Amino acid sequence: MRECGLSEEEVFSILAEKKAEDLSHCSILSSMCTLPHPVAVRAHILFLETNLGDPGLFPGTAEIEQRLVGLFGALYHLPGAAGYASSGGTESNIQALRIAKARRSVERPNVVVPASSHFSFEKACRMLGLEMRTAPLGADLRMDPAATEVLIDDATVGLVGVVGTTEYGMVDPIPALARLAEEHDLFFHVDAAFGGLVVPFLPDPAPFDFALAGVSSIAVDPHKMGMSTIPAGCLLVRDRDVLDLLNVDTPYLTVKQEYTLAGTRPGAPVVGAWAVLEHLGREGMRAVVAGCMENTRRLIEGLEAFGVERAATPDVNVATFRTASAPPGWRVSFTRRGDMRIVCMPHVTGDVIERFLVDAEAHYV
Ligand code: 0PR
């Protein structure tokens, strides 16, 4: 650290230079994050210094966090659902598996996750000493319930299904998995980090939420399709008591116990997330999702017209293609199987897709 500080202008000139090195969202087709909605930015700035880790000091912010939980509870057909705002899908998934492990004491516990699950489950299992059993997918790239059941035994404490898989944008057969969870008394966590703010707004939404009796918890990330500022996730649980399994004493805070993973927790993105969803309402979210799905279809049809085959017909706005090369100048990603992957986030507008298709024609045809 410097002995004598730089002037504010000097600091900001360095920052401006570094910011200019970052990619602009105009060319980013590989991200599940997007430009924050202006309403999120405004709310975020207003609550910059708030800390949900000591909620008694920020009761107004804490109230908005609980309203966000209430909003998701209502959206997921359980208005009384409990939960809290996390830093994103990774934390929500870790916490869900902590609950699954704490709920049943068995020797050498295991959890069953789909082969398509996000790598956060591997982190969670390593941290928690859980054996991770990977259930194969069917030809449709969705978790196969029959092949899943084979992996369940007396030491299985948790089951995971995904709504909007990271790589191919598929929705697992949650009703069949929920039945399995009930039959085997498993904690069933639905990772809807991405799809939780897509599927409810589709014209014919697949059932995945608390309306299914076997669903125990749901992860959803406002900092993905919710257009909030980063970091904003949310973990919802059917039964409030399971959160208490994670409690530790916090004697000198304004609350005497906490079940969250992080201690200090930013209020700003949480308030931003709530503000956007309140502002847009279901109607606004349906319009955002319809636009993203339309762009996904347009992209798939456009590339197929150039002879680039789709790798899947996705349930959400993730388009994948059987090609290992992308038109220059665009930031796309590639799946573990080597397919090109484009996430049609809100910043990937119709104009962006058309510009991409012009470059794609020159590249592939
Ligand atoms: N669950 C699912 C289904 C996810 O897709 C992700 C992240 C997570 C959990 C974990 O969420 P957090 O990263 O918020 O903890 N999916 C994206 C991915 O790993 C995240 C991402 C976003 C990656 C933007 C790159 C990027 O530029 O691909």
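Small disclaimer: the values here were computed from a predicted structure and weren't measured. Atoms within each ligand, like the ligands themselves, are counted from 1 in listed order.
- Residues I353 and L357 are in side-chain contact: their nearest non-hydrogen atoms beyond the backbone lie under 4.5 Å apart.
- Evaluated by nearest non-hydrogen atom to atom 19 (O) of ligand 1, the leading choice among E91, H118, M345, H223 is H118.
- T166 CG2, 3.3 Å is the protein heavy atom nearest to atom 28 (O) of ligand 1.
- If you number the atoms of ligand 1 from 1 as listed, the ones under 4.0 Å from a heavy atom of A193 come out as 1 (N), 2 (C), 9 (C).
- Residues L6, V11, I14, L15 make up the rest of the hydrophobic cluster containing F12, defined by ILVMFWY side-chain heavy atoms closer than 4.5 Å, directly or through other members.
- Contact record, L180 with P145: CD1-O, 3.6 Å, taken as the closest heavy-atom pair.
- The closest protein non-hydrogen atom to atom 15 (O) of ligand 1 is T90 OG1, 2.6 Å.
- A salt bridge between R103 and D185 is present, with a side-chain N of the basic residue lying under 4.0 Å from a carboxylate O of the acidic one.
- Contacts with ligand 1 closer than 4.0 Å are made by no heavy atom of I28, backbone or side chain.
- Of all protein heavy atoms, the one lying nearest to atom 24 (C) of ligand 1 is S31 OG, 3.1 Å.
- In this structure, R42 places its CZ atom where only 12 or fewer heavy-atom neighbours from other residues, nucleotides or ligands lie under 6.0 Å away.
- Every residue meeting the side chain to side chain donor-acceptor pair (under 3.5 Å) condition with E167, not counting sequence neighbours, appears here in chain and number order: R336.
- Polar contact check, K224 against ligand 1: a nitrogen or oxygen pair lies under 3.5 Å apart.
- Of the candidates V318, D191, V163, V343, the one placing a heavy atom closest to atom 2 (C) of ligand 1 is D191.
- Regarding atom 17 (C) of ligand 1, its nearest protein heavy-atom neighbour is M32 SD, 3.8 Å.
- Under the 4.0 Å criterion applied to side-chain N and carboxylate O atoms, E304 and R310 are assigned as salt-bridge partners.
- Nearest heavy atom pair, residue A192 against residue F208, reads CB-CE1, 4.1 Å.
- Heavy-atom distances between E167 and ligand 1 stay at or above 4.0 Å for every pair.
- Checked by distance only, ligand 1 and S120 stay at 3.5 Å or farther apart across all their nitrogen or oxygen atoms.
- Residue contacts with ligand 1, taken as heavy atom pairs separated by less than 4.0 Å, involve D221 solely via side-chain atoms from C-beta onward.
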